[in-house]
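Everything below concerns the one structure shown next.
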Amino acid sequence: MKRVLNKKVLFGLYNDEEILKDAVIHINKDDDAEIMDVYSPFPVHGLDPLLGLSESRIHIAGFIYGITGTIIAFSFMTWVFTADWPIIFGGKPYFSAPAFIPITFEFTVLMASVGMVVTFYLVNGLGFGVENPYLHDRITDDKFCIAFDITHSTKEQIQALSTLLEETSAEEVHTKDI
Amino acid sequence: MSNQNNEIFVFDPKAKLFTFILMAIGALSLFLSYYSGTDDMNHIRFWTNYLHNSVFFVGIAFTAVLFLACHALAWGGWVALFKRVNEAMMNFLYVGIVLFGILALCIWMNAEGTELLYLWNNPDYLDPNHPHFDSLAFHKSPFVNPIVYFLTVVVLAIWALFAYLFRKISLAEDTTPYSITENNSVPDNVRKNRIYAAAFLPVAGFSSAFVIWQWVMSVDTHWYSTLFAWYCTVSLFVSMVSFTYLIVLYLRSKGLLKKFTAEHTHDLGKYIFGFSVFWAYLWFSQFMLIWYANNGEETQYFFIRFEQFKILFFANLLLNFVSPFLILMMNTSKRTVGTLGFVAGLVIFGHWLDFYQMLKPGVWYNYEHKMHIMHEDAHGEVHGDHGEHSDNTYKLNTNQTIPVLTTYQGEEDEGDHHSDSHHDDDHAHTNEHSHTGDHGEHADKGHHDSHATPKFQVGVHIPGFIEFGVFAGFLGLFLFVTLTSISRAPLYPANDPYILESEHYDTGYGPDRDPH
């Protein structure tokens, strides 16, 4: 399945993350230029606050999945070993909380991790068989990219943006439909 | 290189006086606990307080060395900004040599009360021909004995030597900027520091286990646990990080360490959080395996704590795991000075209580063990091998003024409560009439199955004023040594190769960070 975003994108490629960060600071000063996104081969330290991105809320989801896992595992084992199929292990009482804790812990971790992965994939439109558009091959290798959405921009605006990119020492400037 | 801030901490007389007051309180408490009476209770109170606080604060000094060695070896530069605090803390090891030297000497000379502190220090139990012969203690006596106990002081001296070397290298930086010899991109002093750190880590790993076995675990001479040493070391490590943070806060309140930011706070918070969880992991691993295996020799440790020391048992978990885990779970609380400071204080108290919980019930058991033997002697019972006392058939006897944990069952005499003092040395007399003619019931196991609640005593089941007083005293001593050491050297290690990395340290946590 190929995703089509119906967007026209102007983007510049940079060689280094420090140049990229300086470029972002420079572009932020221009009120007309609004950065659509920045792509990089690896997470760039200190880029998030520059782009005004808020803290990810995925860990809140993770906590909810985790606590769900805790409750499910503990109550399920309690039900099995006290009501459904009570067995005496090593002379311990049916309800032996310490023995439940390792499994409860593991199930909590399983739920939280798998839940967070699934949530992350869903939110970002990733997953098996989904082919997402990309701007340039080298973004996943050694280039850093600042992209502008120019779908509804006039020719003058596009010209201004590409000048801006070149001013901030972008190596290459391209446009692409995605 | 920014050399403009040659921060020097001045240990002002007011703070000095405060530590002296704390030390005076401690000395008074120790004095009170030893001389307020001549009976065993006071002696064991004295020795457990002494041992407990010595282990706690010397352990903190040791983990400070460990902390620096780990960061030296792992190229962790972010500690450079406040490493002088840890370097000062580890100077307490010198005091530790004296503290444990005194203790080892007293044990060697068999000072009054030390035979109750360490079961193995009672020669009666180790003599095969003596009626009180304790086969388990005898079996372990090649390892736990006064001579080997002296080795712990030697280990302390080795640690102190490493502490001396680390501090020397670090202080030398201030006067001689580092140089780089040919064929080597690493500055000489850093390389030397790394070599010492690499030598120290294996030494520390094995010797800390040995020391913990001797100091703490051998109190419960009949008992053993393989992960006990890690459990103790982690306990000490968390306390050390908390102390580091609180001392940093104190220095900041004096207008020093201005470059210590929320980023450093955040990482110290992560340490407290992470190692609290690791502590709980070890606690639980130890508890669950022992609980599940139900091997009498091992179970006695938790049995006595769970049955008689419930408050300590649960307070320990609440303070050292539940509170830091829930409070520090959010990133923001790790970065907030007030929250982390509160948790640091809580955790220090919690781990102090943790060590109390490791030592006091063990000593209390040794005491009860002795009372039990005295009681048997008074009634002319035939002694078996006292190693049997370590099985899990304990029964608490209700009717005695001193709650005695016994392996034999079948002595109950309703309504026979004595109002005598607990400190009655010759307690066998007070119980005499409650036991006459009961000997026939010994085979009747399981006849009485009611559990007795032992008398609750402040100073045994929870720490009393004397315990807190001694804690205050050792805290005063520790702070005095640490702050004096801090005042002896500039706080800002201007020539540390990592100092700029530390100044610009960034955990990568976004929102409240200033974009530069």
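Fair warning: this is a prediction, and the values are worked out from it, not measured in the lab. Here is the naming used below: chain letters follow the sequence lines, and residue numbers restart at 1 for every chain.
Heavy-atom proximity under 4.5 angstrom to chain B picks out A:Ser96, A:Pro98, A:Ala99, A:Ile101, A:Pro102 from residues 95-114 of chain A.
Between A:Asp30 atom CG and A:Glu167 atom CD the span is 8.5 Å, to the nearest 0.5 Å.
With a 6.0 Å radius and a threshold of 12 heavy atoms from other residues, nucleotides or ligands, B:Trp223 has its CH2 atom above the threshold.
The shortest distance between side-chain heavy atoms of B:Phe237 and B:Trp279 does not fall below 4.5 Å.
The cationic atom of B:Lys360 (NZ for Lys, CZ for Arg) does not lie both less than 6.0 Å from the six-membered ring centre of B:Phe309 and within 45° of the ring axis. Relative to the ring axis of B:Phe260, B:Lys258 does not place its NZ or CZ within 45° and under 6.0 Å from the centre.
B:Trp283 and B:Asp354 form no side-chain donor-acceptor contact under 3.5 Å, judged by distance and modelled atom types alone. For the 3.5 Å distance criterion, the side chains of A:Thr119 and A:Tyr65 qualify, holding a donor opposite an acceptor.
Using a 4.5 Å cut-off between heavy atoms, B:Met329 touches chain A through its side chain atoms alone.
Of the listed residues (B:Tyr292, B:Phe287, B:Phe284), the greatest number of heavy-atom pairs within a distance under 4.5 Å of chain A belongs to B:Phe284.
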